[in-house]
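Notes to accompany the following structure.
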Amino acid sequence: PTRRSSDLLDRDISNLQADQKAATGVRDKEHADFLTEEKDHQESVEQMGKATATVESEAHDTAQTALLQQVVKMPAMDSHSKKMIQSYLAQDQDELDAENLAMAGPPQADAAEFKSQGILDMFGKLSNKFEKKLADCREEESNNKHAYDMLMFDLKNSEDRANADRRSEEHTSELQS
């Protein structure tokens with residue numbers, strides 16, 4: 001046992017502790033990012049639920065339009081879905097009603113219901129999309145946490161072994177004195 005090997009062990013222990021600290025810093029940032037992303041996705045899922053309930057309970061065009069304008073502003077809303085909703089909002093409502101009547105052939109009272117069904121279908125697709133994003137986000141967090149736990153376990157075991165080697169060297173050194 002030499003002073004040189006003791007110095008190397010001390011350096012290894014110091015590096016292992018620094019690696020643990022750095023990994024914890026990265027993990028803390030990943031977790032904070034996850035919490036933000038999860039909150040956005042959760043709010044999107046909840047907003048879609050509220051939007052669906054509103055459309056199902058009210059057949060008022062103004063309420064639906066206001067609701068769709070709110071949904072477009074959601075942080076987790078992707079550009080394709082925003083364009084789809086904006087395109088829907090931009091359609092001339094009289095033209096849309098006439099189109100729906102021609103397609104379905106029902107009396108005027110059913111036109112609003114038909115239009116509502118289109119919005120509900122869109123909300124259903126968006127809701128499924130947000131629920132999948134939320135599930136994916138949670139799965140990624142679980143995988144990241146598992147990887148961090150495994151890394152920390154490995155680093156801690158390496159540090160424990162290095163400390164044991166260091167103690168063994170000190171003991172051997174004492175016996176030789």
Side-chain angles (χ1 to χ4, degrees), residues 1-57 63-64 66-89 117-173:
T2 65
R3 180 72 204 144
R4 179 174 153 76
S5 66
S6 291
D7 289 345
L8 288 175
L9 283 171
D10 287 344
R11 191 187 72 217
D12 286 349
I13 292 167
S14 177
N15 287 341
L16 289 165
Q17 290 170 342
D19 288 350
Q20 289 176 57
K21 185 177 178 182
T24 299
V26 168
R27 178 67 193 123
D28 289 347
K29 182 177 178 346
E30 281 177 350
H31 186 66
D33 291 347
F34 158 74
L35 291 174
T36 301
E37 184 179 0
E38 180 188 44
K39 182 177 180 240
D40 285 349
H41 293 317
Q42 186 65 47
E43 286 173 357
S44 296
V45 168
E46 290 168 8
Q47 186 71 23
M48 294 313 303
K50 289 177 188 173
T52 300
T54 301
V55 172
E56 286 174 341
S57 67
Q64 290 176 0
L67 190 62
L68 284 171
Q69 288 168 341
Q70 252 188 331
V71 168
V72 166
K73 294 175 187 171
M74 292 179 356
M77 182 68 64
D78 63 84
S79 60
H80 174 72
S81 299
K82 282 182 183 182
K83 286 178 187 167
M84 193 167 78
I85 292 171
Q86 287 166 339
S87 160
Y88 184 85
L89 287 171
Q117 190 56 50
I119 293 172
L120 290 172
D121 291 345
M122 184 189 321
F123 284 177
K125 288 176 187 171
L126 289 172
S127 186
N128 290 342
K129 188 177 189 176
F130 290 137
E131 286 170 5
K132 178 166 179 8
K133 283 182 176 184
L134 180 60
D136 290 348
C137 159
R138 288 176 174 165
E139 182 179 351
E140 182 181 352
E141 167 65 6
S142 175
N143 291 339
N144 287 344
K145 182 175 183 339
H146 178 72
Y148 167 78
D149 290 344
M150 296 302 293
L151 174 64
M152 292 305 286
F153 180 76
D154 184 51
L155 290 172
K156 187 69 179 133
N157 280 342
S158 296
E159 181 186 358
D160 290 347
R161 278 193 308 276
N163 278 320
D165 290 348
R166 181 79 172 93
R167 284 191 300 275
S168 175
E169 266 201 21
E170 288 171 355
H171 180 71
T172 304
S173 178

Among all residues two or more places apart in sequence or in another chain, which pass the side chain to side chain contact (heavy atoms under 4.5 Å, CB included) test with [X]?
| X | result |
| --- | --- |
| Glu131 | Val45, Ser127, Asn128 |
| Glu170 | Arg166 |
| Lys156 | Gln20, Glu159, Asp160 |
| Glu140 | Asn144 |

Pairs meeting criterion salt bridge (charged side-chain N to carboxylate O under 4.0 Å, His left out) with involvement of residues 24-36, two or more places apart: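 Listed once each, the pairs are Arg27-Glu30, Arg27-Glu141, Lys29-Asp33.
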
Exercise: identify the closest heavy-atom pair between Ile13 and Ala162: CG1-CB, 3.5 Å

Minimum heavy-atom distance between Glu169 and Ser6, given as atom pair plus value: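 Minimum heavy-atom separation between Glu169 and Ser6: OE1-OG, 2.8 Å.
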
Test item: Ser44 side-chain N/O and Asp40 main-chain N/O as donor-acceptor pair under 3.5 Å: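 Checking the backbone N and O of Asp40 against the side chain of Ser44, a donor-acceptor pair under 3.5 Å is found.
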
Arg138, Gln47, Glu37 screened by side chain to side chain donor-acceptor pair (under 3.5 Å) with Gln42, the one that passes: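 When Arg138, Gln47, Glu37 are each tested with Gln42, the side chain to side chain donor-acceptor pair (under 3.5 Å) holds only for Arg138.
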
Charged N-O contact under 4.0 Å between Lys39 and Glu43: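 Salt bridge between Lys39 and Glu43, a charged N being under 4.0 Å from a carboxylate O: yes.
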
Rounded to the nearest 0.5 Å, how far does [atom2] of [Y] lie from [atom1] of [X]?
| X | Y | atom1 | atom2 | result |
| --- | --- | --- | --- | --- |
| Phe34 | Ser142 | CZ | OG | 9.0 Å |
| His31 | Thr36 | NE2 | OG1 | 10.0 Å |
| Asp154 | Ser158 | CG | OG | 4.5 Å |
| Arg161 | Leu9 | CZ | CG | 12.0 Å |
| Thr24 | Asp19 | OG1 | CG | 10.5 Å |
| His41 | Lys129 | NE2 | NZ | 11.5 Å |

Partners passing side-chain hydrogen bond (donor to acceptor under 3.5 Å, both in side chains) against Asp149 (at least two apart in sequence or in another chain): Lys145

